[in-house]
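This report refers to the structure that appears directly beneath it.
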Amino acid sequence: MNDSKIRVRFAPSPTGPLHIGGVRTALYNYLFARKNKGKFILRIEDTDQTRFVPGAEEYIIEALDWCGIRFDEGVREGGDYGPYKQSERKAMYRKYAEQLVASGYAYYAFDTAEELADMRKKSEAVKKTFIYNADMRHQLKNSLTLPGEKTKKLLETKTPYVIRFKIPQERSIKINDLVRGEIKVRSQVLDDKVLFKSDGMPTYHLANVVDDHFMKISHVIRGEEWLPSLPLHVLLYEAFGWDKPQFAHLPLLLKPDGKGKLSKRDGDRLGFPVFPLQWIDPKTGEKTSGYREEGYFPEAFINMLALLGWNPGDEREIFSLDEMTQVFSLERVGKSGSRFDPEKAKWFNHQYMLKKNNRELAQMFMPLLKNHGIIADTEYVEKVVSLVKERAHFVHELWDQADFFFKAPESYDPKAVKKRWKQFSYDQITALKTLLAGIDDFSPENTEAAVKKWLEENGYGMGAVLNAFRLLIVGTLKGPHLFDIIALIGQEETLRRLETGLHELGRKE
RNA sequence: GGUCCGUUCGUCUAGCCAGGUCAGGACGCCAGGUUUUCAUCCUGGUAACACGGGUUCAAAUCCCGUACGGACUACCA
């Protein structure tokens, strides 16, 4: 196995549904792996037992499946570097935490959470920041301050403890980030982070570094919220004597209404989904909408998301996953956070609507027709879809655009009637009906030619007649080319609708 | 408060690293055209380099400062 191979991971914690920012992080990792012929790994970071949410892990996998983002290794796929769930790797974290203590890079701390919270509060009261660091650790209860005997005894008597990293004094840490360039931090502003919790589980920092090392991760591509802990991670790699991976911190997805990063809690508040799939909270039963259920095509969703923070450098905007893979690079990821634009998301979906073939759209449309009590054959639906898809953003909008292909109008739009049903309309449509009844070939070309010839011969206004005609066929003034419509619904149905319309609207005095 | 990161049209962004084109594109919006209608489509328009200083013949681009925004500051990830 070649160590220089590209291996990246997406490492969510199963504390709820994945939001679109998380999906984008997964997507960029996926694209980077594919582009560089590397491996993409899913690791579940479930070290916080208190925040575990049932169904979250399944949700994450299902969401990425829907997006077409595939893993090479992971909880489901397996692989040579498993297990891929941190709760199943528990033993090794303790081992490496102890190793750090033994080598002097970490220490046992016996302060309780309450004691520390209290000290923070007191510091705050005098406008000071409490930092568990080189300045403070000698005043606190830990294996650095306590005599060896005492520490030993506390450990033997099972006194709760954590293992903290001993941040070195006076070090300038320089790290190159693939997105943001060089980042400099002085070690004295860092605090002695907990690596290993009193419940026997590691914190994110330890688990992350240990796993990335043993899973041979070459590039850590994650959200910008991790940037502040990057120095700690770098120090950890050094303490272990391990080569560190390259880092890339992605800009955040921001709330469109102003402040802060997008979060799971935004739910439906924003007027657009923040989740790829619908989520039903297992505790409250509360339902939050998802892009899938809203009618977005996964290709459109992914495409839209990819362009939020990345661009190909040319003016293309519509990309399949494969096409994105060809041109993706971390260099072209932006530095600043982006706001999501619901309008543009709709536009993307519309673009994919137009790209989809009619058969596929018909298959998606049929179940909706069924909900309206309509069973139609595929071929007919395909023809309908081909005529109306350009005027819909979503499959579910198709019904509003195409209902008249499946049933005669039940009423006539009053506004349209007022505008287009004139004194002369009754006689004109009556005559038109006779004309249409006499046509054998009801193809659009043929009926159109015949009607236009008739209009010309009688000196009738095209707009006047055709709009009244449309009104009786459709029920309102909308829809595709009229002669395409009547060809599809057929001569018999056309004549029937004219008859009904003449009867309903009557002769206007 | 502290640390780190960021800032080009309303939004997503190109251009910045290797200073020198009326700052380009897309969404939206507006107007016009096409169409029997609606939509599509086509044409045009709208609108931005956060601010101040410095370097330079020349700065959106390099440097410094300010402002604003964001992330982090848990035995959460």
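Lettering of chains follows the sequences in order, A, B, ..., and the numbering in each one begins at 1.
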As a test of reading the structure: which of [options] is closest to the side chain of [X], going by heavy atoms?
X: A:Asp48; options: B:rA77, B:rC72, B:rG70; value: B:rA77
X: A:Trp347; options: B:rU40, B:rA71, B:rG28; value: B:rG28
X: A:Leu116; options: B:rC75, B:rA39, B:rC72; value: B:rC75
X: A:Glu315; options: B:rA26, B:rG24, B:rC75; value: B:rG24
X: A:Lys335; options: B:rA71, B:rU11, B:rG6; value: B:rG6
X: A:Val194; options: B:rC4, B:rA77, B:rC75; value: B:rC75
X: A:Ala113; options: B:rG1, B:rU36, B:rC75; value: B:rC75
X: A:Ser336; options: B:rU3, B:rG10, B:rU8; value: B:rU8

Which part of the nucleic acid, if any, lies within reach of [X] when heavy atoms closer than 4.0 Å are counted: base, sugar-phosphate only, or nothing?
X: A:Gly309; result: sugar-phosphate
X: A:Lys261; result: sugar-phosphate
X: A:Asp111; result: base
X: A:Pro160; result: nothing
X: A:His481; result: base
X: A:Val162; result: base
X: A:Thr112; result: base
X: A:Leu482; result: base
X: A:Ser13; result: sugar-phosphate
X: A:Ser198; result: base

For [N] and [X] - does any side-chain N or O of the residue sit under 4.0 Å from the phosphate oxygens OP1/OP2?
X: A:Thr203; N: B:rA77; value: no
X: A:Lys184; N: B:rU3; value: no
X: A:Lys197; N: B:rC76; value: yes
X: A:Asn311; N: B:rU13; value: no
X: A:Arg332; N: B:rG15; value: yes
X: A:Arg164; N: B:rC75; value: yes
X: A:Arg120; N: B:rA74; value: yes

Does a side-chain N-to-carboxylate-O contact under 4.0 Å join A:Arg269 and A:Asp266?
-> yes
In plain terms, say whether A:Arg51 and A:Asp48 are close enough for a salt bridge, that is, a side-chain N and a carboxylate O under 4.0 Å apart.
-> yes
Using Watson-Crick or G-U wobble geometry with both distances below 3.5 Å, tell me the partner of [N], or none.
N: B:rU7; value: B:rA67
N: B:rC76; value: none
N: B:rA14; value: none
N: B:rA39; value: none
N: B:rU55; value: none

Using atom [atom1] of [X] as one end and atom [atom2] of [N] as the other, report the distance to the nearest whole Å.
X: A:Phe52; N: B:rA77; atom1: CZ; atom2: P; answer: 15 Å
X: A:Leu230; N: B:rA77; atom1: CG; atom2: P; answer: 18 Å
X: A:Glu225; N: B:rC72; atom1: CD; atom2: P; answer: 7 Å
X: A:Arg51; N: B:rA74; atom1: CZ; atom2: C1'; answer: 10 Å
X: A:Leu262; N: B:rU11; atom1: CG; atom2: P; answer: 16 Å
X: A:Gln86; N: B:rC76; atom1: CD; atom2: P; answer: 13 Å
X: A:Glu331; N: B:rA14; atom1: CD; atom2: P; answer: 13 Å

Would you say A:Arg420's side chain and A:Ala464's backbone share a donor-acceptor pair under 3.5 angstrom?
-> no
Sub-3.5 Å donor-acceptor pair from the side chain of A:Arg497 to the main-chain atoms of A:Pro409, do we have one?
-> no
Answer with yes or no after comparing the ring centroid distance for [X] and [Y] against a 6.0 Å cut-off, counting only values under it.
X: A:Tyr352; Y: A:Phe297; value: no
X: A:Trp310; Y: A:Tyr28; value: no
X: A:Phe301; Y: A:Tyr296; value: no
X: A:Phe340; Y: A:Phe272; value: yes

Distance between the [atom1] atoms of [N] and [M], in whole angstroms?
N: B:rA18; M: B:rU13; atom1: C1'; value: 22 Å
N: B:rG53; M: B:rC17; atom1: P; value: 22 Å
N: B:rC62; M: B:rU46; atom1: P; value: 29 Å
N: B:rU7; M: B:rC49; atom1: C1'; value: 10 Å
N: B:rA47; M: B:rU8; atom1: C1'; value: 12 Å
N: B:rU61; M: B:rG52; atom1: P; value: 12 Å
N: B:rG24; M: B:rG2; atom1: P; value: 41 Å
N: B:rU66; M: B:rC4; atom1: P; value: 13 Å

Look at the side chain of A:Arg180 and the base of B:rC5, then say whether one donor and one acceptor between them are separated by less than 3.5 Å.
-> no
Residue from A:Leu482, A:Ile486, A:Thr494 passing side chain to side chain contact (heavy atoms under 4.5 Å, CB included) with A:Thr447 | A:Ile486
For RNA chain B, find the residues of residues 457-479 of chain A with a heavy-atom distance under 4.0 Å and give them by number; none if there aren't any.
-> A:Met462, A:Leu466, A:Asn467, A:Arg470, A:Leu477, A:Lys478, A:Gly479
Any residue meeting side chain to side chain donor-acceptor pair (under 3.5 Å) with A:Asp192, in chain and number order, not counting sequence neighbours = A:Tyr107, A:Arg137
In chain order, what residues pass the side chain to side chain donor-acceptor pair (under 3.5 Å) check against A:Glu390, with sequence neighbours excluded?
-> none
Closer to the 5' end of RNA chain B via nearest nucleotide, is it A:Gln351 or A:Leu227?
-> A:Leu227
Taking for each residue the nucleotide of RNA chain B bearing the nearest heavy atom, is the 5' side occupied by A:Ser338 or by A:Leu190?
-> A:Leu190
Do A:Arg164's NZ or CZ and the ring of A:Tyr132 fall within the cation-pi criteria of under 6.0 Å and 45°?
-> yes
